[in-house]
A.B. asks: 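Sending over a structure as structure tokens; questions will come in a sec.
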Amino acid sequence: MMLPLALNHQRTFLPLKRMVGCVGTLSACALWPLHASALEADVHGVGGEVRSNVVAYLAPLKIPANSRPELYGNSVHSDVVSALKAYGYYTPTIEVKFRDRQHVDVHIDKGPQTHVKVLDVQIVGEASEDPEVKKLLANSALMKDKGKPLSHEHYEYLKKQLDTLALSRGYFDASYPLHRIEVRPWEQRADIYLVYVSGKRYRYGDIDVEGSQIRRSSIDALQPFKKGDPYQTSDIAEFNNRLGRTNWFRSVSVRPQLDQQHNHNEQMTRPSNDDSTVTSAQQNAAAQRAVAPVSVNVVAADRDQFKTGIGYSTDDGPHVQFGWTRPWMNDRGDSLTNSLYFSQRRQSLAGQYRIPLEQPLNDAYEFNYGFDYVDDNDTRSRKLWFTPTRVWHFANGWNQRLYVRFSQEDFTQASDSADVFLITPGIAWDRTAVDNEQFPMHGNRQDLTVEGTTKQFGSDISFLRAVATTRWIESIGNDNRFFLRGNIAATQTDSFSKMPPSLRFFAGGDSSVRGYSYETLAPRDHKDDLLGGKNMLTGTFEYQRRITGAWWGAAFYDVGNAFTSWSDQSLKRAAGVGIRWISPVGPIRLDLAHPFDDDRSSWRVHFAIGPEF
């Protein structure tokens with residue numbers, strides 16, 4: 001009586017190690033010398049993935065220069081048999097002919113294919129009710145193989161998926177008490193038995209935090225899980241990510257302490273010297289201790305951080321920046337940021353003191369302050385401002401800011417001059433969704449701000465204004481990219497001559513209507529000096545095509561203007577071409593734009609660094 005062939009493991013791709021059988025003289029069994037050439041196989045009789053697998057099995061074989069190729073015929077034959085078994089061909093006829101040490105012809109009659117007659121896959125334990133395990137089985141190719149040709153790849157892939165899922169979802173005691181493929185080549189039959197015992201799913205134990213200068217309640221608020229919740233690797237990764245995003249720490253390490261728990265469970269189930277029998281009570285006790293303590297080790301970020309930078313854009317010309325940040329001020333996690341910006345046209349000193357609330361990453365108070373000086377075109381302005389803000393970051397990606405801005409601005413805008421004090425409440429929303437922050441291929445950004453004030457609040461003038469901006473990036477394949485931008489703004493006021501320049505609208509420049517100088521599109525007075533507009537409308541359509549690697553070409557069309565009345569608006573148009581380079585410091589944009597409604601200039605160069613968002 002012939003016994004079925006039982007196989008627990010079958011290789012489908014390149015083996016990790018090769019052992020060559022020794023045939024013939026002793027010299028042929030010696031270690032391969034350095035002068036050995038790779039064997040090239042010309043395979044006949046099979047195609048597709050079957051042929052690829054045969055070639056992959058034979059690729060590592062090398063025949064030494066002082067050896068006869070025929071001595072390796074059995075090795076070639078054996079490897080071809082193994083490669084065919086992976087796809088259910090167990091009774092092939094194989095002919096091997098060497099042309100020389102580097103070339104072999106393999107003629108294959110693969111014979112009938114073995115089909116799966118019995119497919120018995122069982123999930124035992126808590127995982128049997130786990131929706132993710134059920135989903136995995138429902139989508140598994142192996143579960144659809146009954147009555148179909150045997151595929152060892154499907155069998156091994158399901159085991160690999162179960163192993164991966166077990167680690168990611170806390171089935172750390174999982175095992176395969178039965179896992180085999182029984183093959184009866186004479187019947188072209190294969191029976192698959194796979195029993196997966198998951199054991200109990202581990203749950204989070206105590207969370208131990210070491211090295212933190214931040215109070216424990218703030219750390220706990222960042223946890224995406226709590227003690228007793230089912231273990232999930234994504235929770236550990238998310239906790240690590242949240243701790244990093246606070247900027248409180250220079251390094252973060254979040255790790256489950258599984259080795260310690262495994263050793264404890266083994267001691268609970270191992271018989272003692274006095275009793276060689278493990279009682280069911282001991283087993284139950286060990287199962288109840290299926291917990292995963294979590295160790296959090298952090299190193300505090302440097303108390304003071306400084307950064308400097310120089311840059312150039314056609315809007316502002318050359319400029320320098322200096323920044324000073326304290327990522328944590330106290331054990332509550334307050335932070336302080338200050339920045340200084342200097343160019344010929346504008347200088348500013350701005351800062352922010354941030355107080356995190358119950359959810360440190362999502363809720364905070366921000367106190368923004370600064371001084372701005374502008375001397376550009378027909379604008380002269382000195383502005384001092386302070387803005388308390390309540391900030392919310394929602395799970396859907398939207399951010400909301402509710403604020404009151406206290407500002408004093410002394411300005412001259414063309415023929416308008418004033419010194420204006422304002423108390424301006426407002427609300428702002430924004431959302432950014434991109435697949436790559438530096439150079440997205442798909443994404444969008446939305447911004448909306450509504451603000452206003454009245455003399456009853458203590459302001460010198462009354463107004464209401466709204467600004468909305470939308471930006472979209474979409475791609476076709478990896479080499480075609482589209483960028484669209486739209487901006488609309490409107491103001492209602494009876495005191496426009498006293499409106500500060502920072503609240504008036506101007507179009508033109510690198511990020512507006514290219515082909516025109518920065519903020520030169522707006523209503524003008526009788527001296528042709530810029531007054532600024534109550535309203536604004538701009539739009540951009542840009543197509544980009546990859547030239548090679550990180551270099552892209554661009555063609556664009558811009559339109560827009562700032563104006564006083566919607567019934568009397570005149571949109572300016574421009575078009576041009578450009579180059580984009582995705583540099584290590586960010587995208588660099590160089591554009592050549594032609595304005596269609598300005599006789600004073602035929603072409604204008606625009607240069608900027610930074611992403612479109």
Side-chain angles (χ1 to χ4, degrees), residues 325-326 329-330 332-341 346-374 379 381-394 397-411 413 416 418-432 445-469 487-506 532-536:
T325 299
R326 279 198 162 186
M329 299 288 293
N330 47 42
R332 188 174 57 201
D334 296 1
S335 61
L336 176 67
T337 302
N338 291 283
S339 63
L340 175 66
Y341 178 91
R346 65 188 66 236
Q347 298 91 50
S348 68
L349 173 64
Q352 179 190 95
Y353 190 92
R354 185 179 189 273
I355 303 175
L357 299 179
E358 186 176 352
Q359 296 294 325
L361 290 175
N362 299 326
D363 301 290
Y365 286 117
E366 293 178 351
F367 297 92
N368 300 280
Y369 52 88
F371 173 78
D372 296 325
Y373 174 77
V374 179
T379 303
S381 171
R382 292 178 177 87
K383 177 183 177 183
L384 187 67
W385 50 275
F386 173 67
T387 309
T389 307
R390 175 68 166 91
V391 182
W392 294 267
H393 300 289
F394 300 118
W398 282 95
N399 304 313
Q400 177 178 277
R401 288 173 169 81
L402 187 64
Y403 61 87
V404 179
R405 183 174 62 248
F406 300 85
S407 63
Q408 182 79 39
E409 190 162 355
D410 180 11
F411 72 90
Q413 183 67 52
D416 294 339
D419 189 354
V420 179
F421 174 74
L422 298 174
I423 301 175
T424 310
I427 187 169
W429 297 274
D430 69 85
R431 182 178 72 90
T432 302
R445 178 179 172 90
Q446 316 299 325
D447 295 89
L448 174 62
T449 300
V450 180
E451 61 181 14
T453 188
T454 176
K455 293 180 179 180
Q456 283 74 22
F457 290 169
S459 297
D460 291 340
I461 61 174
S462 301
F463 70 87
L464 178 67
R465 70 196 294 267
V467 182
T469 303
N487 180 275
I488 185 170
T491 305
Q492 177 62 46
T493 183
D494 295 327
S495 308
F496 186 73
S497 63
K498 292 186 176 181
M499 286 283 286
S502 60
L503 297 177
R504 302 187 187 196
F505 296 112
F506 303 85
K534 284 186 175 182
N535 313 299
M536 182 172 65

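Residue indices begin at 1 and follow the sequence shown. If you're wondering where the values come from, they're calculated on a predicted model, not measured in any experiment.
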A.B. asks: Do any N or O atoms from the side chain of Thr491 and from the backbone of Lys534 form a donor-acceptor pair under 3.5 angstrom?
C.D. replies: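 Indeed, once roles are kept as given, a pair shorter than 3.5 Å links the two residues.
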A.B. asks: Might you work through the side-chain hydrogen bond (donor to acceptor under 3.5 Å, both in side chains) test for Tyr341 and Asp372, ending with a clear yes or no?
C.D. replies: CA-CA 9 Å; Tyr341 178 91; Asp372 296 325; over 6 Å; no
A.B. asks: Does any part of the side chain of Glu451, heavy atoms only, come nearer than 4.5 Å to the side chain of Leu422, both counted from C-beta?
C.D. replies: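 No - every pair of side-chain heavy atoms lies 4.5 Å or more apart.
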A.B. asks: Check for a donor-acceptor pair, side chain of Asp460 on one end and backbone N or O of Phe421 on the other, with a separation under 3.5 Å.
C.D. replies: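 Pair found, side chain donor or acceptor close to backbone of Phe421.
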A.B. asks: Between Tyr365 and Arg354, is there a cation-pi geometry (under 6.0 Å to ring centre, at most 45° from the normal)?
C.D. replies: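 The answer is no, since Arg354 fails at least one limit relative to Tyr365.
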A.B. asks: Asp416 and Lys498: side chain to side chain contact (heavy atoms under 4.5 Å, CB included), yes or no, with the steps?
C.D. replies: CA-CA 7 Å; Asp416 294 339; Lys498 292 186 176 181; over 6 Å; no
A.B. asks: Just do the side chain to side chain contact (heavy atoms under 4.5 Å, CB included) check on Leu357 and Arg390 with the steps written out, would you?
C.D. replies: CA-CA 10 Å; Leu357 299 179; Arg390 175 68 166 91; 3.6 Å; yes
A.B. asks: A side-chain contact here means heavy atoms from C-beta on lying under 4.5 Å apart; do Lys383 and Pro500 qualify?
C.D. replies: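 No. Closest side-chain heavy atoms not under 4.5 Å.
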A.B. asks: Within the 4.5 Å heavy-atom criterion, are Pro425 and Phe457 side-chain neighbours or not?
C.D. replies: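 Of all side-chain heavy-atom pairs linking Phe457 with Pro425, at least one is under 4.5 Å.
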A.B. asks: Do Ser348 and Leu340 come close enough that some side-chain heavy atom pair is under 4.5 Å?
C.D. replies: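 Sidechains of Leu340 and Ser348: no contact.
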A.B. asks: Looking at every non-hydrogen atom in both residues, tell me the closest pair between Leu448 and Ala468 and how far apart they are.
C.D. replies: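 Residues Leu448 and Ala468, closest heavy atoms: CD1-CB, 3.9 Å.
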A.B. asks: What verdict does the side chain to side chain contact (heavy atoms under 4.5 Å, CB included) test give for Leu349 and Tyr373, after you've listed the backbone C-alpha separation in whole Å, the side-chain angles of each residue and the deciding distance to 0.1 Å?
C.D. replies: CA-CA 9 Å; Leu349 173 64; Tyr373 174 77; over 6 Å; no
A.B. asks: Any luck finding a side-chain donor-acceptor pair between Tyr403 and Glu366 under 3.5 Å?
C.D. replies: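 On atom types as modelled, these side chains do not qualify, holding no pair under 3.5 Å.
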A.B. asks: Using side-chain heavy atoms (C-beta onward) and a distance below 4.5 Å, is Phe496 in contact with Arg504?
C.D. replies: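 Phe496 reaches Arg504 side chain to side chain.
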A.B. asks: Give, for atom CH2 of Trp385 and atom OH of Tyr369, the distance between the pair rounded to the nearest 0.5 Å.
C.D. replies: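 OH of Tyr369 is found 9.0 Å from CH2 of Trp385.
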A.B. asks: Between Asp494, Thr454, Leu503, which is the residue that forms a side-chain contact (heavy atoms from CB on, under 4.5 Å) with Phe463?
C.D. replies: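 Result for side-chain contact (heavy atoms from CB on, under 4.5 Å) with Phe463: Leu503.
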A.B. asks: Please name the pair of heavy atoms, one in Pro501 and one in Phe506, separated by the smallest distance, quoted to 0.1 Å.
C.D. replies: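 Minimum heavy-atom separation between Pro501 and Phe506: O-CE1, 3.9 Å.
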A.B. asks: So, for Phe386 and Phe367, which heavy atoms are closest and what is the spacing to 0.1 Å?
C.D. replies: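 Closest approach of Phe386 to Phe367: CZ-CD2, 3.9 Å.
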A.B. asks: Kindly determine whether Val374 and Phe411 satisfy side chain to side chain contact (heavy atoms under 4.5 Å, CB included), including the steps that lead there.
C.D. replies: CA-CA 9 Å; Val374 179; Phe411 72 90; over 6 Å; no
A.B. asks: Taking all atoms of both residues into account, what is the closest heavy-atom pair of Pro356 and Asp334, and its distance?
C.D. replies: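 Closest approach of Pro356 to Asp334, heavy atoms only: CD-OD1, 3.4 Å.
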A.B. asks: Do Leu361 and His393 have side chains that approach each other closer than 4.5 Å (heavy atoms only, starting at C-beta)?
C.D. replies: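 They are not in contact (no side-chain heavy atoms under 4.5 Å apart), so the answer is no.
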A.B. asks: Give the minimum heavy-atom separation between Ile461 and Ser495, together with the two atoms involved.
C.D. replies: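 Where Ile461 meets Ser495 most closely, the heavy atoms are CG2-CB, 3.7 Å.
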A.B. asks: When you measure from the side chain of Thr449 to the backbone N and O of Ala466, does any donor-acceptor pair fall under 3.5 Å?
C.D. replies: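 Flag not set: sc Thr449 to bb Ala466 has no pair under 3.5 Å.
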A.B. asks: Report yes if some heavy atom in the side chain of Arg445 is under 4.5 Å from a heavy atom in the side chain of Asp430; otherwise report no.
C.D. replies: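 When only atoms from C-beta onward are counted, Asp430 and Arg445 do touch, with a gap below 4.5 Å.
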A.B. asks: Considering only heavy atoms from C-beta outward, does the side chain of Asn487 approach that of Val467 to under 4.5 Å?
C.D. replies: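 Asn487 reaches Val467 side chain to side chain.
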A.B. asks: So for atom CD, which belongs to Gln492, do other residues, nucleotides or ligands contribute more than 12 heavy atoms lying within a distance under 6.0 Å?
C.D. replies: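 Check fails, neighbour count at 12 or below.
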A.B. asks: Given the ring of Tyr353, does Arg326 sit roughly above its face, with NZ or CZ under 6.0 Å from the centre of the six-membered ring and within 45° of the axis?
C.D. replies: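 Judged by the rule, Arg326 and Tyr353 form no cation-pi pair.
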A.B. asks: Would you say the side-chain atoms of Thr379 pair up with the backbone N or O of Gln413, donor to acceptor, closer than 3.5 Å?
C.D. replies: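 No: the side chain of Thr379 does not pair with the backbone of Gln413.
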A.B. asks: Do the side chain of Ser462 and the main chain of Lys455 share a donor and acceptor less than 3.5 angstrom apart?
C.D. replies: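 Yes: the side chain of Ser462 pairs with the backbone of Lys455.
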